[in-house]
Amino acid sequence: MSRSRWRKVEDTWSCALHGRILSLRQDATHLYYQASFSEQLVEPLTPPFSAPGSKIDSLPEDDDTEALIHHYLNLRPDLTKLYEQWSNVDANFKKKAPRFAGVRILRQDAWEALVGFICSSNNNIIRISQMMEKLCSHYGPLVGYIGVTPYHDMPSPIILADPKVESQLRQLGFGYRAKYLYQTAVQICHGHDDGWLDNLRNPESPIMGQKVAAAGEMQPGGRAGYRVAHEQLLALQGVGPKVADCVCLMGLGWGEAVPVDTHVWQIAQRDYKFGKGKHSSLTKATYDAVGDRFRSLWGKEAGWAHSVLFTADLRVFSERLSAKIDVDTVKVEAESLGPDAAATSAPVIGTKIEITETKIKREFLEEEGHDGSVSSKTVSRGKRRKKM
DNA sequence: TCCATACCTGGGAT
DNA sequence: AATCCCAGGTATG
């Protein structure tokens, strides 16, 4: 959401991801993709891999892009079944959700989600995206170009743990979030072991190539692993309950995480009887109560259901805006929909996506840019970037 | 615990 | 033109 690094050019969305530039486009029946690999910045994949220095042709069977897309877009869960389940237990969901079928929670990289949501505090979508853009272009590895536009990946925490970074980010317009990002990077690099963040992940939703493991019993407050992850994240600078839950949900695979932001708080008051008596204001206790309520109502994937309602609400809001306000319609829509415009106009952006068909077919093979608009390079998986 | 207040920035509204 | 207000929160007293 939000802090998404995806960029749209005409009808195609592109982003540097896992050492490649991934481009997506969809029509009524298919999702099309194209991947352009960097020769020098290929991510290590599953541990036992090809010998260093060996080159592999970009044959389809060697390309994990399709697996990456399936993973990233979280295409496995049966949405029809989930929607049915949520509708059966919640009349409000049943009423609001049907128009928004197809919304999925992306499986983002945990570190990227953390950085993005730290930037999101008391901020607007447009600026959050610009900040992520700046962060990557100034500190992240260059993966390649589309036309003359460079695409950078996320900078690793160690890059941001440099003492100079805080003032530099201030200079770049990050405001008080400059300190949060720097301090969080320091905490992660010097206060925790390697892999600490990713180890907070839901074992039922492992990163690509890892095996699934059981995550334990569901409780009103969520599974034990979720509660641990949430608590650990809270110790980071600039991370409060809302940001922690966003990272848990979008970055760590904990479906029961329910981020309660201002919008969700409005929904909770309007449709779920919050806002009175004991829970008249959004204190920590109320925050937890809202999460518990939604978890007991919707279950293990409460965060997903909540995102559907959230998206529904934003949509209605934007429709009201464009109906009542007679200004540049395009502009109004772009601003009010923000990253969740994904649900209507784009296959991917922000944290949620909508796909009319999950069938994916290959549009291009990796080769030199068709019309010069996309530059591609031969896949080279032998070279591994130093792990960081 | 709960509540109030400050916090960077930039665009839109008054 | 100047100022106010707000935006997907968090830290502090």
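Letters A, B, ... mirror the listed sequences (proteins, then strands); counts begin at 1. The structure displayed is predicted, hence computed values, not measured ones. As a basis for the values below, the full set of heavy atoms in this structure was taken, side chains included, without hydrogen atoms, waters or symmetry mates.
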Rounded distance in Å between the P positions of C:dG13 and B:dC8 | 15 Å

Indicate, with yes or no, if the rings of A:Phe294 and A:His306 have centres closer together than 6.0 Å.
-> no

Atom CD1 of A:Ile128 and atom C1' of B:dG10: how far apart are they, to the nearest Å?
-> 13 Å

Return the value, rounded to whole Å, for the distance between atom CD of A:Gln237 and atom P of B:dC8.
-> 13 Å

For A:Asn92, the side-chain contact (heavy atoms from CB on, under 4.5 Å) test, sequence neighbours excluded, returns A:Asp90, A:Lys95, A:Lys96, A:Asp271, A:Tyr272, A:Leu309

Atom CH2 of A:Trp265 and atom P of C:dT10 are separated, to the nearest Å, by 15 Å

DNA chain C contacts among residues 272-296 of chain A, heavy-atom distance under 4.0 Å | none

Excluding sequence neighbours, so at least two apart, what forms side chain to side chain donor-acceptor pair (under 3.5 Å) with A:His71?
-> A:Arg107

Near DNA chain C, which residues from residues 174-183 of chain A have a heavy atom under 4.0 Å away?
-> A:Tyr176, A:Tyr180

Solution key, residues 231-238 of chain A side-chain donor-acceptor pairs under 3.5 Å, sequence neighbours excluded:
from     : atom 1 : to       : atom 2 : distance (Å)
A:Gln232 : OE1    : A:Trp196 : NE1    : 3.3

Is there a donor in the side chain of A:Tyr182 and an acceptor in the side chain of A:Asp162, or the other way round, less than 3.5 Å apart?
-> no

Validation row: A:Ile188, A:Ile158 side chains within 4.5 angstrom (heavy atoms) | no

Between A:Phe93 and A:Tyr83, what is the ring plane arrangement, given parallel below 30°, perpendicular above 60°, and tilted in between?
-> perpendicular

Please examine the side chains of A:Leu68 and A:Arg20, heavy atoms only from C-beta on, and report whether any two atoms are closer than 4.5 Å.
-> yes

Distances under 3.5 Å between protein N/O atoms and the N/O atoms of nucleotides 4-7 of chain C, please, pair by pair.
from  : atom 1 : to       : atom 2 : distance (Å)
C:dA7 : N7     : A:Asn122 : OD1    : 3.3

Return the 5'-most residue of the pair A:Pro259, A:Val239 with respect to DNA chain C, ranking by each residue's nearest nucleotide.
-> A:Pro259

Value in whole Å for how far the P atom of C:dT10 lies from CG of A:Leu234 = 9 Å

What distance, rounded to whole Å, do you find between the two C1' atoms, one in C:dC6 and one in B:dA6?
-> 15 Å

Please name all residues satisfying side-chain contact (heavy atoms from CB on, under 4.5 Å) with A:Arg223, sequence neighbours left out, ordered by chain then number.
-> A:Asn202, A:Glu204, A:Ala215, A:Met218, A:Trp254, A:Glu256, A:Lys300

Any residue meeting side-chain contact (heavy atoms from CB on, under 4.5 Å) with A:Pro77, in chain and number order, not counting sequence neighbours = A:Asn74, A:Leu82, A:Arg104, A:Trp304

What pairs meet the ring pair (Phe, Tyr, Trp, His ring centres under 6.0 Å) rule with one or both residues in residues 199-219 of chain A, with sequence neighbours excluded?
-> none

Atom-to-atom span, CD of A:Gln187 to P of C:dT10 - whole angstrom | 15 Å

Across the strands shown, which category fits A:Val264 at heavy-atom distances under 4.0 angstrom: base, sugar-phosphate, nothing?
-> nothing

Contact class for A:Leu236 vs. all strands (heavy atom < 4.0 Å): base, sugar-phosphate, or nothing?
-> sugar-phosphate

Both distances under 3.5 Å, Watson-Crick or G-U wobble: on that basis, could you give the dot-bracket string for DNA chain C, with [ ] for crossing pairs and | for other-strand partners?
-> .||||||.|||||

Figure out the CE/C1' separation between A:Met132 and C:dG8, and round it to whole Å.
-> 15 Å

Can you tell me, in whole Å, how much space there is between the P of C:dG8 and that of B:dA4?
-> 23 Å

Can you find a heavy atom in the side chain of A:Ile207 that is under 4.5 Å from one in the side chain of A:Arg201?
-> yes

Do A:Arg295 and A:Asp288 meet the salt-bridge criterion of a basic N to acidic O distance under 4.0 Å?
-> no

Nearest-Å distance for atom pair NE2/C1', residues A:His306 and C:dG8 | 9 Å

Which residue pairs pass the salt bridge (Lys or Arg N to Asp or Glu O under 4.0 Å) test when at least one of the two sits in residues 125-146 of chain A, sequence neighbours left out?
-> A:Arg7-A:Glu133

At under 4.0 Å between heavy atoms, what does A:Pro241 touch on the DNA or RNA strands: base, sugar-phosphate, or nothing?
-> sugar-phosphate

Sticking with atom P, work out how far B:dT5 lies from C:dC5, rounded to a whole angstrom.
-> 14 Å

Name all pairs fulfilling the side-chain hydrogen bond (donor to acceptor under 3.5 Å, both in side chains) condition that reach into residues 164-177 of chain A, sequence neighbours left out, sorted by first residue then second.
-> A:Tyr139-A:Gln168

